[in-house]
A.B. asks: 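Dumping the structure here so I can ask a few things about it.
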Amino acid sequence: MRRDALLVAGFACLVVGGCSVDGWSGLKRTPETKPTPVIDDSHVISDYLTTLDRLGQGGIAEQAEILDSTRSAYLTDPSTRNRLRYAFVLAVPGHSATDPEGARRLLGEALATPETLLESERALAQLMVREIDARLALAQENAALKTETTTGERDRIASLNRRLQQETAEKEKLRRELEEALKKLEAIATLEGSGPRNP
């Protein structure tokens, strides 16, 4: 009996003292903590850059394959990572599916939720947005210059045409005046030839 009392007292001490027995603390089981997965920023960025390098260096078939796989991945699972990868592919110039405006839109969507991005992803996306904005601004400026050049050239051609018409009209007027003068000279010569001759 005394032995049973000692066992009960010992168990009570363990419970009250909060000692752990087989994962128990008091009457509650301690939750198992799962390790937080550590994502290596450099690995993620390296993966993006490898895709972009393959896209820039590859032939038409490889470029089409990269484009199809990134588009399919994005349409199937529009996660932040798939959205960024597809946006980066669209942003790269030099292939048939280059779409800087589409890339700009996708990057804007990704940057609208910065909490879903790794710090390095956010930095790369912001860098790409600045590059695309500069490229789009340059394209607009070139288009405006072409329009101005075309308008300027049209004005110059119209001016040259007006001058040509004026010169042609002036030449025609001079030709007619010359013809009239020749006719008058011929008439004078005829009159002088038919006049009385001195004996």
Side-chain angles (χ1 to χ4, degrees), residues 31-170:
E32 291 182 16
T33 56
K34 294 181 182 177
T36 305
V38 176
I39 299 174
D40 184 3
D41 278 27
S42 62
H43 174 71
V44 172
I45 296 302
S46 173
D47 191 37
Y48 289 136
L49 295 178
T50 300
T51 300
L52 297 181
D53 186 53
R54 282 181 51 222
L55 185 68
Q57 301 291 329
I60 295 172
E62 187 175 8
Q63 289 175 345
E65 179 189 334
I66 292 169
L67 178 69
D68 287 343
S69 65
T70 54
R71 182 195 298 126
S72 296
Y74 167 66
L75 293 175
T76 304
D77 173 24
S79 64
T80 300
R81 196 141 298 140
N82 287 340
R83 185 186 310 271
L84 281 180
R85 188 184 308 281
Y86 185 44
F88 293 153
V89 166
L90 291 179
V92 172
H95 62 89
S96 61
T98 297
D99 181 7
E101 291 177 353
R104 179 68 176 83
R105 180 180 52 78
L106 290 172
L107 289 169
E109 290 172 5
L111 288 169
T113 55
E115 67 279 0
T116 64
L117 300 170
L118 297 172
E119 187 176 332
S120 56
E121 285 179 317
R122 189 166 48 253
L124 183 59
Q126 288 169 341
L127 178 68
M128 192 67 82
V129 164
R130 286 195 296 273
E131 192 273 333
I132 291 171
D133 286 346
R135 204 172 351 137
L136 290 174
L138 186 61
Q140 288 175 349
E141 191 176 322
N142 283 341
L145 284 173
K146 281 183 184 176
T147 302
E148 286 174 17
T149 301
T150 304
T151 304
E153 295 222 349
R154 273 198 297 253
D155 291 346
R156 200 171 66 111
I157 290 169
S159 175
L160 288 172
N161 282 336
R162 281 193 301 274
R163 279 180 53 195
L164 182 61
Q165 288 171 355
Q166 288 170 353
E167 287 179 8
T168 303
E170 188 66 30

A.B. asks: So Thr50 and Ser46, do their side chains get closer than 4.5 Å, heavy atoms only?
C.D. replies: yes

A.B. asks: Over all heavy atoms of both residues, which pair between Leu117 and Ala110 is shortest? Give the atoms and the distance, please.
C.D. replies: CD1-O, 3.7 Å

A.B. asks: In Å, rounded to the nearest 0.5 Å, how long is the span from CG of Leu111 to CD of Glu121?
C.D. replies: 10.5 Å

A.B. asks: Do the non-hydrogen side-chain atoms of Val44 and Arg81 ever get within less than 4.5 Å of each other?
C.D. replies: yes

A.B. asks: Do you know the tightest heavy-atom contact between Ala103 and Ala87?
C.D. replies: CB-O, 3.3 Å

A.B. asks: Measure the CG-CD distance between Leu55 and Glu65 for me, rounded to the nearest 0.5 Å.
C.D. replies: 11.0 Å

A.B. asks: CD of Gln140 to CG of Leu136: how many Å apart, nearest 0.5 Å?
C.D. replies: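 Nearest 0.5 Å value for the CD-CG distance: 6.5 Å.
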
A.B. asks: If only atom types and distance count, is the side chain of His95 paired as donor or acceptor with the main-chain N or O of Leu67 below 3.5 Å?
C.D. replies: no

A.B. asks: To the nearest 0.5 angstrom, please state how far the CG atom of Leu138 sits from the CG atom of Asp133.
C.D. replies: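 Between Leu138 CG and Asp133 CG, I get 12.5 Å after rounding to 0.5 Å.
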
A.B. asks: Evaluate the ring planes of Tyr74 and Tyr86, with Trp represented by its six-membered ring, and classify them as parallel (under 30°), tilted (30 to 60°) or perpendicular (over 60°).
C.D. replies: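 The arrangement is parallel - the two ring planes meet at less than 30°.
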
A.B. asks: Between Arg71 and Asp68, does at least one N-O distance fall below 4.0 Å, as a salt bridge requires?
C.D. replies: yes

A.B. asks: Under the 3.5 angstrom rule, does the side chain of Arg122 hit a backbone N or O of Pro114 as a donor-acceptor pair?
C.D. replies: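 Judged by distance alone, yes, a pair lies under 3.5 Å.
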
A.B. asks: Can you name the closest pair of heavy atoms from Ala91 and Arg135 and give their distance?
C.D. replies: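 For Ala91 and Arg135, the tightest heavy-atom pair comes out as O-NH2, 2.6 Å.
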
A.B. asks: In terms of heavy-atom contacts, does CD of Glu101 have more than 12 from other residues, nucleotides or ligands at under 6.0 Å?
C.D. replies: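 No - once you tally the heavy atoms of other residues, nucleotides and ligands closer than 6.0 Å, there are 12 at most.
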
A.B. asks: Could you tell me which non-hydrogen atom of Phe88 sits nearest to which non-hydrogen atom of Leu107, and how far apart they are?
C.D. replies: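 Smallest interatomic distance, heavy atoms only, reads CE2-CD2, 3.7 Å.
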
A.B. asks: Checking side-chain contact (heavy atoms from CB on, under 4.5 Å) for the pair Leu52/Met128: CA distance, chi angles, key distance, verdict?
C.D. replies: CA-CA 12 Å; Leu52 297 181; Met128 192 67 82; 4.2 Å; yes

A.B. asks: Within the structure provided, determine whether Leu90 and Thr98 are in side-chain contact (heavy-atom separation under 4.5 Å).
C.D. replies: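 In short, these two side chains do not touch, never coming nearer than 4.5 Å.
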
A.B. asks: Is it true that Ser72 and Ser69 share a donor-acceptor pair across their side chains at a distance under 3.5 Å?
C.D. replies: no

A.B. asks: Go through the steps for Glu131 and Leu127 under the test side-chain contact (heavy atoms from CB on, under 4.5 Å), then give the verdict.
C.D. replies: CA-CA 6 Å; Glu131 192 273 333; Leu127 178 68; 5.8 Å; no

A.B. asks: Quick one: does Glu109's side chain have a donor or acceptor within less than 3.5 Å of a partner on Leu106's backbone?
C.D. replies: no

A.B. asks: Which heavy atom in Leu75 sits nearest to a heavy atom in Pro78, and how many Å separate them?
C.D. replies: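 Reported closest heavy-atom pair: O-CD, 4.4 Å.
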
A.B. asks: Roughly how far apart are Leu118 CG and His43 NE2, rounded to 0.5 Å?
C.D. replies: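 It is 11.0 Å, given to the nearest 0.5 Å.
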
A.B. asks: Is the backbone N or O of Asp77 less than 3.5 Å from a side-chain atom of Asn82, with the two atoms forming a donor-acceptor pair by type?
C.D. replies: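 Judged by distance alone, yes, a pair lies under 3.5 Å.
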
A.B. asks: Determine the sole option in Thr70, Thr51, Thr80 for which the side-chain hydrogen bond (donor to acceptor under 3.5 Å, both in side chains) test with Arg85 is passed.
C.D. replies: Thr51

